[in-house]
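Keep in mind that what you see is a predicted model, and the values were worked out from it rather than measured. Reckoned from all heavy atoms, side chains included, excluding hydrogens, waters and symmetry mates. Atoms within each ligand, like the ligands themselves, are counted from 1 in listed order.
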Amino acid sequence: MPNVIEAAALTKTFGAVTAVDRVSFEVRRGEIFGFLGPNGAGKTTTTRMLTGVVPMDGGSVRIFGHDILKEPVQAKQRFGVVPETSNAYVELTAWQNLMLMGDLYGLDRAHSERRSRDLLETLGLYGRKDQKVQGYSKGMKQRLILAMALLHEPELLFLDEPTSGLDVQSTQMILVLLRDLNTDGTTIFLTTHNMEEANRLCDRIGIIRAGKIVAIDAPERLKTAIDRMHRLEVSFDRPVLADALVGLDGVAEAYRTGDKWQIVTEDPDLVIRSLVAFSGDCGAAILTLNTLAPSLDEVFLRLTGEEQP
Ligand SMILES: Nc1ncnc2c1ncn2[C@@H]1O[C@H](COP(=O)(O)OP(=O)(O)OP(=O)(O)O)[C@@H](O)[C@H]1O
């Protein structure tokens, strides 16, 4: 399957902050690619470079083979963008915003009108089309922005946190439309905080942490990786050193939370044996020992480093 997006060593700095640090990945034709990361990880900055809104300091982006800096018009004709913050004019009605967008893309008026009506009907906004956008709820605004991004029938759609802070009804409408678009062949690049949404929707997920990609894989494969990792919680009757625990057989990570230690491992059985031997060797008695089942959220938090104090 040919690549629709090719990002190579994409880099952006703001003063001393490297917001995006040599990020490379490909998005294949027809897939829904989820881009996940905690606040400030670099998702929006990456999306802005991919869509040619801000220039990169290093690296390159090709969209359908067109370099976003050298051939921006050819690239931009092929994609639509739902940005993080609304790009609709609040003084205008939904209909006027759509007509304006149609003019920007050079669509003929009859085509713009036909397509706008279809999109507004699908997104439950047709009855409110002549109302100024300033009277819209957040969910209605988001649905309008999606309609604006889809007006020129792009083959690729970028969405930055499309359902963040929306009610269930708007979220559902947007997710159903995204799935239908994808079924009809639209490639989708989606940034989100929401692991469960990404899990339900995406063919592959890229996880970014502090400007760097830490994992790219299909959700099921990420889950397999998650399922391999288990967490144990242990406490001792006297202080022990992190280095001593990290050095034990089977321990992938060890960190302290309050008076307990959290241990990440692929092999809980081996770790429990190691802990018992360690306890005997150093004379620190085990007070409590629990095994905790892994969850999807945990893996995301572990990969993005947010879990550790
Ligand atoms: N225009 C800017 N000037 C200075 N620093 C910026 C600018 N834009 C982003 N940053 C910094 O770059 C880093 C990445 O920010 P970015 O908005 O891309 O993250 P994000 O993953 O989209 O976060 P969020 O989920 O909160 O939207 C952050 O440290 C942010 O403070």
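- For atom 14 (C) of ligand 1, the candidate residues are Gly211, Gly40, Ala210, Pro38; the nearest heavy-atom contact is made by Gly40.
- Close approach of ligand 1 to Thr44 is summarised as follows: ligand atoms under 4.0 Å from at least one heavy atom of the residue are 17 (O), 18 (O), 20 (P), 22 (O), 27 (O).
- Taking the ring axis of Phe33 as reference, the NZ or CZ atom of Arg204 does not stay both within 45° of it and closer than 6.0 Å to the ring centre.
- For Ala41, a nitrogen or oxygen atom sits less than 3.5 Å from a nitrogen or oxygen atom of ligand 1, counting backbone and side chain alike.
- Counting only distance, with no hydrogens or angles, the side chain of Asp203 and the backbone of Ile32 share a donor-acceptor pair below 3.5 Å.
- At a distance under 4.0 Å, a protein heavy atom can be found next to atom 1 (N) of ligand 1.
- In this structure, Phe236 has its ring center under 6.0 Å from that of Phe278.
- Counting only heavy atoms of the protein, atom 9 (C) of ligand 1 lies nearest to Phe14 CE1, 3.4 Å.
- Side-chain contact between Met140 and Leu125: present, with at least one pair of heavy atoms (C-beta onward) separated by less than 4.5 Å.
- A side-chain hydrogen bond (donor to acceptor under 3.5 Å, both in side chains) with Asp160 is found for one member of Thr51, Thr47, Thr191 and no other, namely Thr191.
- Not a single heavy atom of Arg48 sits under 4.0 Å from any atom of ligand 1.
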Chi angles and distances behind the side-chain contact (heavy atoms from CB on, under 4.5 Å) call for Ser116, Leu151: CA-CA 7 Å; Ser116 296; Leu151 195 64; 3.4 Å; yes
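- Residues Phe79 and Phe189 keep their aromatic ring centres 6.0 Å or farther apart.
- Distance check for atom 30 (C) of ligand 1: every protein heavy atom is found at 4.0 Å or beyond.
- Nearest protein heavy-atom neighbour of atom 15 (O) of ligand 1: Thr45 OG1, 3.8 Å.
- In terms of protein heavy-atom proximity, atom 26 (O) of ligand 1 is nearest to Asn39 OD1, 3.2 Å.
- Of the candidates Gln74, Lys76, Glu71, Glu71 is the only one forming a side-chain hydrogen bond (donor to acceptor under 3.5 Å, both in side chains) with His66.
- Regarding atom 25 (O) of ligand 1, its nearest protein heavy-atom neighbour is Lys43 NZ, 2.8 Å.
- Annotation for ligand 1: atoms under 4.0 Å from non-hydrogen atoms of Ala19 are 12 (O), 13 (C), 14 (C).
- For Gly42, the closest heavy-atom approach to ligand 1 falls below 4.0 Å.
- In this pair, Trp95 and Tyr126 present their aromatic rings perpendicular. The plane angle is above 60°, beyond the 30 to 60° band.
- Heavy-atom contacts of His193 reach the following atoms of ligand 1: 25 (O) (cutoff under 4.0 Å).
- At a 4.0 Å cut-off, not a single heavy atom of Lys12 sits close enough to ligand 1 to count as contact.
- Annotation for Arg179: atom CZ counts as buried by contact number, over 12 foreign heavy atoms lying within 6.0 Å.
- In summary, the atoms of ligand 1 found under 4.0 Å from a heavy atom of Glu84, numbered by their order in the structure, are 27 (O).
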